[in-house]
Amino acid sequence: MNKLEVSNLDLFYGENHALKDISINIPSRQVTALIGPSGCGKSTLLRTLNRMNDLVAGVKITGTVAFEGEDIYADVDVKNLRMRVGMVFQKPNPFPMSIYENIAFGLKAQGVKDKAVLDKVVEDSLRGAALWEEVKDRLNTPAFGLSGGQQQRLCIARAIAMEPEVILMDEPTSALDPIATHKIEELMDELRKKFTIVIVTHSMNQAKRISDRTAFFWMGELVEQGETHQVFNNPQDSRTQGYVSGEFG
Ligand SMILES: Nc1ncnc2c1ncn2[C@@H]1O[C@H](COP(=O)(O)OP(=O)(O)OP(=O)(O)O)[C@@H](O)[C@H]1O
């Protein structure tokens, strides 16, 4: 089943035609990787999936993005959409508060006050992000005291706490060292059991290691998409072939 279906999507930043007639299906509970050279539109596409581009002045979008069959650019509650389609950014961005409060923040904003409920969500989310064991004895200390890799897992835990259906990840490991990157990649195997994941990555090895499907972008076009092993081992388009073999990009 497809969680998201993008059809004939065009996006302009003013005069810049950044996405050209994109159609792509994102299957449930799989990891879909978006790859391609810098500026080809990967992050732009990612941001259209929960309407983050709405925040950019002068953006024009045509085509449809259906989430569970419903067009998210029609009359939808955008706040609710962003809860169901969460996001993890390139640079870890914990809130300037304790580890506990980082996770509890979203629920508290929704009016949840019961300490037992909050405690459980905090623990479950930190376990889900493979961070619990490292932080369980210092939940009330500032999140900024964590390492970069731990901060990124905290941001994943914060996303999980809202029980999203989809998690969008924009180069989530590009600011991390290889060991922290490895931890996040290991975590993906657990996350894909519960969530649909779309990840932008510059690392072809990362896409190969963690994704089920890969889509290759080139100058705003979606050139090729398919099962990851097929896109890397038997690309159909010469531009994909050139990119995955490291000839350019
Ligand atoms: N907020 C914005 N306002 C105007 N133009 C933008 C904005 N964000 C991206 N663009 C332009 O849209 C095009 C696609 O950019 P995008 O960031 O989606 O590419 P990308 O493939 O994610 O690149 P990178 O790998 O470098 O992050 C580029 O020409 C970029 O300059």
Side-chain angles (χ1 to χ4, degrees), residues 4 6-26 31-65 67 72-73 78 81-82 85-93 148 152 155-156 159 166-176 178 181 184-185 188 196-211 213-226 228 231-232 235 237-249:
L4 288 155
V6 177
S7 309
N8 307 113
L9 187 89
D10 281 272
L11 183 145
F12 295 83
Y13 292 112
E15 298 290 303
N16 181 0
H17 195 177
L19 292 176
K20 299 171 185 160
D21 197 25
I22 306 294
S23 295
I24 180 171
N25 292 337
I26 310 286
V31 177
T32 300
L34 311 182
I35 64 166
S38 194
C40 66
K42 308 176 293 289
S43 301
T44 297
L45 179 66
L46 195 75
R47 291 194 302 260
T48 62
L49 303 179
N50 71 349
R51 290 190 52 173
M52 292 290 279
N53 287 316
D54 288 15
L55 309 172
V56 181
V59 152
K60 184 172 158 248
I61 300 170
T62 58
T64 58
V65 178
F67 174 44
I72 66 168
Y73 286 91
V78 176
L81 171 73
R82 295 204 186 121
V85 184
M87 192 146 189
V88 174
F89 297 89
Q90 185 169 357
K91 265 178 64 189
N93 59 346
Q152 194 60 306
C155 293
I156 293 172
V166 181
I167 305 179
L168 308 176
M169 296 186 169
D170 197 350
E171 296 182 47
T173 62
S174 66
L176 306 181
T181 296
I184 302 241
E185 289 187 5
M188 300 293 268
T196 300
I197 295 173
V198 188
I199 180 169
V200 167
T201 178
H202 268 123
S203 160
M204 285 187 277
N205 284 329
Q206 180 168 72
K208 275 195 251 184
R209 283 193 295 264
I210 63 171
S211 70
R213 295 182 63 79
T214 293
F216 170 65
F217 291 79
W218 170 255
M219 295 173 77
E221 269 179 62
L222 203 184
V223 170
E224 186 159 350
Q225 57 180 311
T228 294
V231 172
F232 281 97
D237 189 284
S238 58
R239 290 166 293 182
T240 319
Q241 164 78 44
Y243 186 73
V244 301
S245 66
E247 271 171 40
F248 62 83

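Whatever order the structure lists them in is the order used to number ligands and atoms, beginning at 1. Just the heavy atoms: all of them, side chains too, but no hydrogens, waters or symmetry mates, feed the values below.
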Tell me, do Leu45 and Leu9 make a side-chain contact under 4.5 Å, heavy atoms counted?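 They are in side-chain contact.
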Would you mind reporting whether Ile35 and Phe217 have side-chain heavy atoms less than 4.5 Å apart?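 Not touching, per the 4.5 Å side-chain cut-off.
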Ligand 1 versus Ala18, non-hydrogen atoms closer than 4.0 Å: side chain, backbone, both, neither?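 Near ligand 1, Ala18 shows its side chain, while the N, CA, C and O stay back.
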Applying a 4.0 Å heavy-atom criterion (strictly less than), which segment of Met219 is in contact with ligand 1: side chain, backbone, both, or neither?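 Neither; no heavy atom under 4.0 Å.
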Where is the nearest protein heavy atom to [atom]: which residue, which atom, and how far?
atom                    : answer
atom 18 (O) of ligand 1 : Thr44 OG1, 2.5 Å
atom 26 (O) of ligand 1 : Ser38 OG, 2.5 Å
atom 19 (O) of ligand 1 : Gly41 N, 3.2 Å
atom 1 (N) of ligand 1  : Val56 CG1, 3.6 Å
atom 27 (O) of ligand 1 : Glu171 OE2, 3.7 Å
atom 9 (C) of ligand 1  : Tyr13 CE1, 3.4 Å
atom 30 (C) of ligand 1 : Asn16 ND2, 4.3 Å
atom 14 (C) of ligand 1 : Gly39 O, 3.4 Å

Donor-acceptor pair, Arg82 side chain versus Arg51 backbone, under 3.5 Å?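 Such a contact is found between Arg82 side chain and Arg51 backbone.
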Check Ala215 against Ile24 and note the closest heavy-atom contact, atom names and distance.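 Smallest interatomic distance, heavy atoms only, reads CB-CD1, 3.7 Å.
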Taking all atoms of both residues into account, what is the closest heavy-atom pair of Cys40 and Met219, and its distance?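 It is CB-N, 3.7 Å.
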Could you walk me through whether Arg239 and Glu221 satisfy the salt bridge (charged side-chain N to carboxylate O under 4.0 Å, His left out) test, starting with their C-alpha distance in whole Å, then the side-chain angles of each, then the deciding distance to 0.1 Å, before giving a yes or no? CA-CA 11 Å; Arg239 290 166 293 182; Glu221 269 179 62; 3.7 Å; yes
Look only at interatomic distance and state if Cys40 has a nitrogen or oxygen under 3.5 Å from any nitrogen or oxygen of ligand 1.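 Yes; the residue has a nitrogen or oxygen that sits under 3.5 Å from a nitrogen or oxygen of the ligand.
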Step by step, would you call Phe216 with Gln225 a side-chain contact (heavy atoms from CB on, under 4.5 Å)? CA-CA 6 Å; Phe216 170 65; Gln225 57 180 311; over 6 Å; no
Could you list the atoms of ligand 1 found under 4.0 angstrom from a heavy atom of Arg47?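 So the atoms of ligand 1 that pass are 8 (N).
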One pair to check against side chain to side chain donor-acceptor pair (under 3.5 Å): Thr48 and Tyr73. What are the steps and the verdict? CA-CA 9 Å; Thr48 62; Tyr73 286 91; 4.7 Å; no
State which residue, out of Ile72, Asn50, Leu49, fulfils the side chain to side chain contact (heavy atoms under 4.5 Å, CB included) condition with Phe67.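 Option passing the side chain to side chain contact (heavy atoms under 4.5 Å, CB included) with Phe67: Ile72.
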Of the listed options (Gln90, Glu15, Lys42), which comes nearest to atom 25 (O) of ligand 1 when hydrogens are ignored and any heavy atom counts?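 Going through Gln90, Glu15, Lys42 one by one, Lys42 has the nearest heavy atom to atom 25 (O) of ligand 1.
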